[in-house]
Amino acid sequence: MAKTDKILLVLRTLADVYPQAGTRLKFQNPFQLLVAVMLSARTTDEQVNRVTRGLFAEVKSPKDLASMEVGILEDMIKGCGLYRQKARNLIALARILMEEFGGEVPTDFDQLLRLPGVGRKTANVVVSVGFAKPGLGVDTHVLRVSRRLGWHNARDPQVAEAELKRIIPESWWARAHHLFISHGRAVCRARKPDCDRCTIRLYCQYGVSGQSDKAEDRLQSESSA
DNA sequence: ATCCCGAGGG
DNA sequence: CCCTCTGGAT
């Protein structure tokens, strides 16, 4: 079986298991999407949802954020990790959107990348989810799951992103992002991956060789040279 | 390589 | 205690 066929088989299998993947995002516009993704850094989606519920009641657009006191915003997003940096970045970002982008979120990847607090993962998610353009955000789940599958051997998200974009058909990028996240949360967890209940185990290096070889446990102590 | 950083699990 | 949670900037 050709490599691309195997990849599509895995993704289709995951699509059957997680039909809801990516459909539960509750944002009303690209701006709210951008804010939510920025808040999600090193933070559980549950915390993000809790915070955004209150935040989006008051903040609907960059204009609402641009004039906000940092301390006020900090209090509103507290509960998310890294909240002070996030508050600072969000306000700085909102001001740039007002001054340079007419209060709109840019649709261009490179322009997004220049915004404070926006890296490749965030920019990829915004273009793909918000603007239906090709993009594959590589977060901790995407990196871990795809790496265990044996689709690449990168520890650097940027390297993994390039490799995944090379081997996954473009039409599947956004979908793959959500599917890996769903699978990474429910089954292919960082700590105790539930390989027994994994529907793609037979296509997975880690799953086939078995957790018992402790390959993954070494990952943490290895100092990725 | 290190820092930011609270919450939750083991 | 340690690790992880939809990272990014220095």
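In what follows, chains are A, B, ... by sequence order, proteins preceding strands, each numbered from 1.
Comparing atom distances between the R84(A) side chain and each of dG6(B), dG10(B), dC5(C) picks out dG6(B) as nearest. Closest contact between the side chain of Q85(A) and the listed nucleotides dT4(C), dG6(B), dG7(C) involves dG7(C).
Rounded to an integer number of Å, the gap from CG of L112(A) to C1' of dG7(C) is 15 Å. As rounded to whole Å, 10 Å separates atom P of dG8(C) from atom CZ of R120(A). Put simply, CD1 on I77(A) is 16 Å from P on dC4(B), counting in whole angstrom units. Put simply, CG on D194(A) is 16 Å from C1' on dG9(B), counting in whole angstrom units.
The residue from I200(A), D5(A), T199(A), I168(A) that alone fulfils the side chain to side chain contact (heavy atoms under 4.5 Å, CB included) condition with V10(A) is I200(A).
You'll find the side chain of K165(A) reaches within 4.5 Å of the side chain of W173(A), heavy atoms only.
Phosphate contact (OP1/OP2 of dG9(B), side-chain N/O of R189(A), threshold under 4.0 Å): absent. The phosphate of dG7(C) (OP1 or OP2) has no side-chain N or O of T122(A) nearer than 4.0 angstrom.
Going from the P atom of dG8(C) to that of dA7(B) covers 22 Å, rounded to whole Å.
To the nearest 0.5 Å, the span separating CG on L113(A) from CD on Q111(A) amounts to 11.0 Å.
Remark: R42(A) in residues 34-45 of chain A come within less than 4.0 Å of DNA chain B through at least one heavy atom.
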